[in-house]
Amino acid sequence: MQELSPKYDPKEVEERWYKLWEERNYFKADPASPKPAFCIVIPPPNVTGSLHIGHALNNSLQDLMARYKRMNGFDVLWLPGCDHAAIATQNVVERQLAKQGVTRHDLGREKFLQKVWEWKEESGATIMRQLRRLGASLDWSRERFTMDEGLVEAVREVFVRMYEKGLIYQGDYVVNWCPRCGTALSDIEVLHKESEGKLYYVRYPVAGFPGTHVVVATTRPETIMGDVAVCVNPKDPRYTGLKDARLTLPLMGREIPLIADSYVEMDFGTGALKITPAHDANDFEIGNRFGLPRIKIMDPKGVMNEAAGRYAGLDRFAARKKVVADLEAAGLLEKVEPYQNAVGRCYRCDTVVESYLSLQWFMKMKPMAEKALAAMEKGETRFQPENWKKVYSDWLLGIRDWCISRQIWWGHRIPIYYNADRSKQCAAHSVSEAALKLGVPETEVQQDPDTLDTWFSAGLWPFATLGWPKETPELKRYYPTSMLVTSWDILSFWVARMSMFGLEIMGKVPFEEVFINSLVADEHGQKMSKTKGNVIDPLTKIDTIGADALRFALISIETQSRYISLSEERFEAGRNFTNKIWNAARFMLMNLKGLPEGPITRPRQESLELADRWILTRLDDTVREVTRQIEEGRQVNQAANSLHDFFWHDLCDWYIEAAKARLAGPVEEGATARATLAYTLETTLRLLHPFCPFITEEIWQMLPHGEVPSIMLASWPQPGAASDPVAEADFKILSDIVYAVRNIRGEMKVDAKKQVTAILLAPDQATLSLLVAQKALLESLGQMTISGLSAGAFEKPKGAASAVAGAVQVFLPLEGLLDLAVERTRLEKEMGRFQQLIEAIHKKLGNEQFVSKAPASVVEAERKKIAEYQSAIDKLGANLKELPA
RNA sequence: GGGUGGUUAGCUCAGCUGGUUAGAGCACCAGUCUUACAAACUGGGGGUCACUGGUUCAAAUCCAGUACCACCCACCA
């Protein structure tokens with residue numbers, strides 16, 4: 001048996017093993033494998049920098065699942081990759097250029113893109129390095145990028161298909177426009193934040209009737225120059241006399257009509273709404289209904305243009321100030337009220353978004369959303385936790401067409417081509433194809449300058465990364481993917497889009513299960529994000545505490561609530577745990593010398609002592625528990641806790657302590673303890689491996705492991721087949737023993753644990769204790785009441801009962817102890833059935849039978865059980881008397 | 001205006017389908033160099049499970065309502 005160094009050096013161990021695993025292709029999927037397939041595609045991190053702790057959590061969870069499934073006999077493909085993150089990345093690079101006083105326009109499209117690619121290479125490499133440090137068992141041979149050749153091909157193919165199907169269309173609409181980024185945004189890229197604003201009441205004089213005016217309330221007086229009408233509700237009595245009136249537009253002098261439309265709310269403001277079709281989405285629609293002109297008064301940078309008359313050249317906010325001042329001077333400003341409203345801001349740069357009329361590309365969403373909803377209803381995709389289904393379906397239900405074009409450079413160029421005068425257009429895969437379709441020479445063909453929303457390519461991720469549009473073996477085998485692990489904040493951005501694209505293009509949902517993980521917040525509950533600057537760098541953490549500790553800390557706080565807050569203590573707890581694993585393993589290995597060669601097997605039942613049986617039982621329980629917790633509901637934090645508690649509090653605190661006496665003795669005497677230790681350690685390491693891959697591998701290698709070269713290839717543990725009576729009575733027996741000893745010895749203040757250990761392991765001590773116990777026990781039996789056993793039909797005195805029951809268990813011969821353990825377990829089970837019985841009868845007969853008491857038959861049955869229990873105790877008590885003094 | 005989540009120990013939170021005396025980590029108090037581990041060990045203190053009502057033999061858990069705190073969604077200017 002080899003020995004472990006006294007100090008665990010995570011850095012050395014992690015580097016060494018990751019390299020080996022990768023070299024040996026353990027991460028590699030095999031589409032030709034006879035094993036069942038399990039596939040996760042990584043949520044591609046943005047190439048905007050490096051990974052934050054949220055990524056570390058997300059990827060720890062994916063790695064947990066990947067390793068768990070591998071050990072369960074699956075051929076696992078966990079596919080790595082990055083997202084080009086169009087606007088976000090472009091902004092990062094632009095900011096860098098700005099430091100040198102250069103804009104993207106100075107460089108020109110080609111040169112700028114070259115810069116972004118350089119940045120992408122750097123950031124992408126950093127991210128992949130971080131994932132490796134984390135221990136992520138990603139199949140690096142299949143790494144993808146949302147702008148690699150395959151994705152480019154997939155994007156074009158999807159676009160062309162959908163364009164030709166009429167699902168993608170172009171049109172002049174009022175869209176969300178970020179003047180800083182200089183591009184259109186989709187609805188969900190706009191964040192609405194409440195802010196203090198003002199509501200201005202402006203007088204619009206009625207033409208031909210000096211002295212009369214209509215007062216309009218607006219929050220955006222700078223758009224007055226673009227007004228083409230004032231609208232009131234047709235039912236509004238205040239304005240019935242003004243039907244067909246014309247108003248003079250303040251500051252501009254233009255005459256505009258007063259129109260009536262039921263869209264206008266009578267009780268807001270003055271009930272009169274100014275209509276600015278080029279700068280408000282609702283006004284745009286009303287304008288269309290009335291055939292009104294659209295007057296654009298700003299340029300794409302948010303600066304007023306010639307149409308704004310004397311305000312031309314002013315920034316929109318400066319224009320607002322000047323307009324208000326001018327209105328006031330002209331006596332047209334009736335009043336100004338403070339007003340709170342939700343101003344839309346760019347989700348990437350926080351600039352106030354402008355509603356702006358422009359020619360954009362849109363995708364029809366209704367038909368796709370319906371398919372996605374239907375698939376969800378049918379349960380083709382499961383959500384974990386399930387309550388996210390509602391958020392997801394609500395969004396799909398209220399979906400509107402998606403603005404997919406962006407006026408930025410970094411991204412997939414829209415595959416639309418025009419002839420010279422733009423009188424003809426087509427969607428095509430290439431210039432040559434476009435030339436053919438348009439019937440013009442290639443030199444005349446021009447491609448649309450816009451790029452696609454970054455979520456367009458992200459939406460294709462699950463099938464495009466598997467090779468689509470080519471029919472690859474990977475696509476055939478791994479689509480639909482098994483599981484998507486992601487956080488809830490991109491449910492509509494990404495998850496819904498993937499579902500819709502998957503159903504539209506592949507005819508199948510892209511994943512069978514969506515596992516939603518929490519967002520990581522700092523200890524003040526603040527969301528951690530790159531832009532906020534409160535991120536914890538996972539690499540720094542890995543450097544100081546090791547990847548396993550970080551992973552364990554993260555997994556054990558993942559409770560599937562929305563936010564989980566992370567503090568320094570959590571990491572310390574993780575580090576302490578890996579430290580404990582190391583030290584315990586070190587101790588065990590020191591004591592395992594002389595263990596037979598070959599794979600470790602479960603020790604033979606007949607040679608086991610109580611402590612051995614107990615730890616093996618707890619081990620079996622833990623195997624079952626952890627498996628269930630991972631399988632059912634992905635309760636990974638509970639699985640981590642189960643493992644933590646078993647390892648630390650059962651194995652280390654109790655079993656190892658109890659085994660020390662035997663291990664100290666002659667070799668033969670400790671053989672069973674040694675075999676049990678080895679088996680327990682080996683099994684536990686396998687259970688821990690998906691959580692803490694490195695340290696488990698390092699220790700596991702020190703144990704005999706037969707033909708299996710790595711714990712990665714070992715199988716997931718199965719609970720032992722043999723059922724042990726102690727197994728059913730579980731850990732509570734031992735805790736009862738502790739209390740019993742304390743209770744009986746009372747004022748003696750014994751060290752309970754040592755005492756129990758002594759009783760279990762040293763017969764002399766036990767005999768001694770028996771004598772002490774005898775008297776107390778017999779006295780106690782006299783007072784013993786039926787308690788703690790069940791329900792309200794019986795009295796339930798507090799106090800010593802369970803301790804006494806425990807005392808009975810300890811100080812009696814082993815057979816008696818087991819009998820009682822079995823009996824107790826049986827009674828506990830009876831309790832469960834008792835309840836079910838009540839429920840069943842309850843259902844049949846209705847409430848009146850059970851006003852306050854349980855039914856007689858049940859009470860009778862319960863009494864009988866108790867009597868049996870009592871007599872068993874009496875009998876054992878009698879045996880006790882006969883023991884030698 | 002709609003919706004979702006939360007409220008459990010000093011702090012951060014677990015607590016699955018109701019069931020013995022409600023748990024963990026950290027913090028706190030008193031001890032401890034005991035065959036690995038002081039990043040440890042032993043023992044201990046600390047909770048009217050937000051509130052009110054209901055269902056039940058039994059409620060932190062299920063139901064209804066209230067309060068407070070978050071968050072998300074929405075085209076009242």
Side-chain angles (χ1 to χ4, degrees), chain A residues 4 6 174 187-188 192 199 216-220 231 263-265 267-270 272-276 280-285 339 341-342 355 387-388 390-391 394-395 398 400 488-489 491-492 523 525 527 545 556-557 559 561-570 572-591 628-629 632-633 635 637-638 641 644-645 649 652-653 656-657 659-661 663-664 732 749 751-754 787-794 796 798-799 801-802 828 831-832 834-835 838-839 842 847 850-855 858-859:
Chain A
L4 296 173
V174 169
D187 292 337
I188 48 178
H192 292 273
L199 192 57
V216 170
T218 180
T219 53
R220 306 185 53 213
C231 188
Y263 167 78
V264 180
E265 303 271 339
D267 38 357
F268 185 88
T270 59
L273 170 68
K274 65 190 216 50
I275 301 299
T276 324
D280 184 282
N282 294 310
D283 294 6
F284 177 79
E285 281 177 27
Y339 185 70
N341 71 335
S355 291
N387 47 338
W388 288 108
K390 187 167 162 52
V391 176
D394 282 354
W395 187 74
R400 303 199 307 172
W488 49 268
D489 57 335
L491 213 53
S492 41
E523 60 234 286
K527 187 172 161 177
I545 65 172
S556 54
I557 57 165
T559 58
S561 61
R562 296 196 168 191
Y563 292 97
I564 48 181
S565 45
L566 197 51
S567 57
E568 226 23 72
E569 280 99 58
R570 284 294 180 176
E572 270 172 40
R575 180 206 52 186
N576 292 357
F577 185 50
T578 51
N579 185 243
K580 188 74 176 175
I581 294 174
W582 186 257
N583 282 308
R586 206 152 64 83
F587 175 81
M588 288 188 260
L589 288 170
M590 285 186 322
N591 283 285
R628 184 179 57 81
Q629 283 155 340
E632 290 174 24
Q635 298 163 320
N637 65 317
Q638 294 188 33
N641 289 340
H644 176 274
D645 291 351
H649 301 304
C652 294
D653 288 355
I656 290 181
E657 291 305 322
K660 277 179 181 172
L663 293 170
K732 281 169 188 164
K749 252 228 169 278
D751 178 329
K753 182 174 285 189
K754 279 187 185 155
S787 98
L789 287 170
S790 96
F794 301 99
K796 202 179 194 179
K798 303 247 171 200
S802 88
E828 279 179 353
M831 259 168 59
F834 169 59
Q835 224 179 304
I838 287 185
E839 274 167 8
H842 193 286
N847 284 338
F850 304 97
V851 183
S852 60
K853 295 277 176 189
V858 175
V859 172

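Throughout, protein chains are lettered first and strands after them, A, B, ... in sequence-line order, and every chain is numbered starting at 1. Just so you know, these numbers come straight off a predicted model, no measurement behind them.
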Mind checking the [atom1] distance from [N] to [M]? Whole angstroms is fine.
| N | M | atom1 | answer |
| --- | --- | --- | --- |
| B/G23 | B/C28 | P | 23 Å |
| B/A60 | B/G53 | P | 15 Å |
| B/C68 | B/C57 | C1' | 35 Å |
| B/A70 | B/U32 | P | 48 Å |
| B/U55 | B/U21 | C1' | 25 Å |
| B/G25 | B/U8 | C1' | 15 Å |
| B/U48 | B/C33 | P | 37 Å |

Quiz item: Does some side-chain heavy atom of A/Trp488 sit less than 4.5 Å from a side-chain heavy atom of A/Val391?
Solution: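 Side chain of A/Val391 against side chain of A/Trp488, heavy atoms only: no contact under 4.5 Å found.
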Nearest to the side chain of [X], which nucleotide is it out of [options]?
| X | options | value |
| --- | --- | --- |
| A/Asn387 | B/U12, B/G5, B/A36 | B/G5 |
| A/Glu265 | B/A36, B/A77, B/U42 | B/A77 |
| A/Thr219 | B/A77, B/C26, B/C71 | B/A77 |
| A/Thr218 | B/C71, B/A77, B/C75 | B/A77 |
| A/Val264 | B/G25, B/A77, B/A40 | B/A77 |
| A/Arg575 | B/A39, B/C75, B/C37 | B/A39 |
| A/His649 | B/C26, B/A36, B/G25 | B/G25 |
| A/Arg570 | B/C41, B/C13, B/C26 | B/C13 |
| A/Ala573 | B/G25, B/A77, B/C41 | B/G25 |
| A/Arg586 | B/G3, B/C37, B/U12 | B/C37 |

Any [X] side-chain N or O less than 4.0 Å from OP1/OP2 of [N]:
| X | N | value |
| --- | --- | --- |
| A/Thr559 | B/A14 | yes |
| A/Tyr339 | B/A77 | yes |
| A/His192 | B/C76 | no |
| A/Arg400 | B/C75 | yes |
| A/Gln638 | B/G15 | yes |
| A/Asn341 | B/C76 | no |

Suppose we define a pair by two distances each less than 3.5 Å, Watson-Crick or G-U wobble; what does [N] pair with here?
| N | value |
| --- | --- |
| B/C73 | B/G1 |
| B/A58 | none |
| B/C37 | none |

Quiz item: Donor-acceptor pair under 3.5 Å: do we get one between A/Arg628's side chain and the base of B/C16?
Solution: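 Looking at the base of B/C16, it does pair with a donor or acceptor on the side chain of A/Arg628 (distance under 3.5 Å).
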Exercise. Please figure out whether A/Thr270 or A/Trp388 has its closest RNA chain B nucleotide nearer the 5' end.
Key: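 The 5'-side residue here is A/Trp388.
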Quiz item: Pick the nucleotide of RNA chain B nearest each of A/Asn282 and A/Asp394; which residue has the one closer to the 5' end?
Solution: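 With A/Asn282 and A/Asp394 compared, the 5'-side residue is A/Asp394.
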Hey, does [X] reach any base, or is it just sugar-phosphate, or nothing, if we go heavy atoms under 4.0 Å?
| X | result |
| --- | --- |
| A/Lys274 | nothing |
| A/Ser561 | sugar-phosphate |
| A/Tyr263 | base |
| A/Ala281 | nothing |
| A/Arg562 | base |
| A/Asp267 | nothing |

Quiz prompt | A/Val216 to A/Thr270 - nearest heavy-atom pair and separation | solution =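 For A/Val216 and A/Thr270, the tightest heavy-atom pair comes out as CA-OG1, 3.9 Å.
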